[in-house]
Amino acid sequence: MSENEELNPSDNEETVAASPETNVEELAEVIAEFEQYRERLVNETMTAAQKAKLPPKAAMAKIEPELAKIDAGLETLRAQLAALTTNN
């Protein structure tokens, strides 16, 4: 591809449609990364709260909005993965 050429979304659509296994693998990888991030966030928050002598409930309350976003994203990704694996 030359410097002046732009990559259009339609350019990728053919590649994506040609390899659904890759999409399933990539989606599963993203889900695993989000799960690891969520676990790390909880663990690091609890460790920091313990060092600061904060009650665990107060610490969890601080990250609850972020956890809700992560959980919603995970739910969406899992639904997409289920749809992809069911269609194949």
Side-chain angles (χ1 to χ4, degrees):
M1 186 183 310
S2 72
E3 290 178 19
N4 296 334
E5 289 184 56
E6 291 183 20
L7 184 62
N8 296 320
S10 60
D11 295 339
N12 288 332
E13 288 175 10
E14 292 175 31
T15 306
V16 170
S19 59
E21 296 83 24
T22 303
N23 286 339
V24 170
E25 291 172 7
E26 289 174 354
L27 198 51
E29 187 177 315
V30 170
I31 290 169
E33 288 174 8
F34 265 116
E35 288 170 339
Q36 290 171 358
Y37 170 69
R38 186 189 192 287
E39 184 176 335
R40 190 174 69 243
L41 179 63
V42 170
N43 290 339
E44 289 176 1
T45 299
M46 296 309 291
T47 300
Q50 194 173 29
K51 288 179 182 179
K53 298 183 182 176
L54 292 174
K57 286 184 181 183
M60 290 301 291
K62 293 279 188 188
I63 63 168
E64 190 58 43
E66 184 68 20
L67 292 177
K69 289 179 190 176
I70 294 168
D71 291 341
L74 280 169
E75 187 176 324
T76 301
L77 291 170
R78 287 180 182 132
Q80 290 176 359
L81 181 60
L84 283 173
T85 55
T86 302
N87 291 337
N88 290 333

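One finds the CG atom of Asp71 at 4.0 Å from the CZ atom of Arg38 (value rounded to the nearest 0.5 Å). Rounding to the nearest 0.5 Å gives a distance of 9.0 Å between CG of Leu81 and OG1 of Thr86. Distance check: Phe34 CZ to Leu77 CG gives 6.5 Å after rounding to the nearest 0.5 Å. In this structure, the separation between CG on Leu74 and CZ on Arg78 is 4.5 Å, given to the nearest 0.5 Å. Separating the CG atom in Asn23 from the CG atom in Leu84 is a distance of 6.5 Å, to the nearest 0.5 Å. The distance from atom CD of Glu39 to atom CD of Glu44, rounded to the nearest 0.5 Å, is 10.5 Å.
By the rule that hydrophobic residues join a cluster once side-chain heavy atoms approach within less than 4.5 Å of another member, Ile63 and Tyr37 end up as members of one cluster.
Looking at every heavy atom in both residues, Glu66 comes nearest to Leu41 through CG-CD2, 3.7 Å.
With contacts defined as side-chain heavy-atom distances shorter than 4.5 Å, the pair Leu27/Gln80 qualifies.
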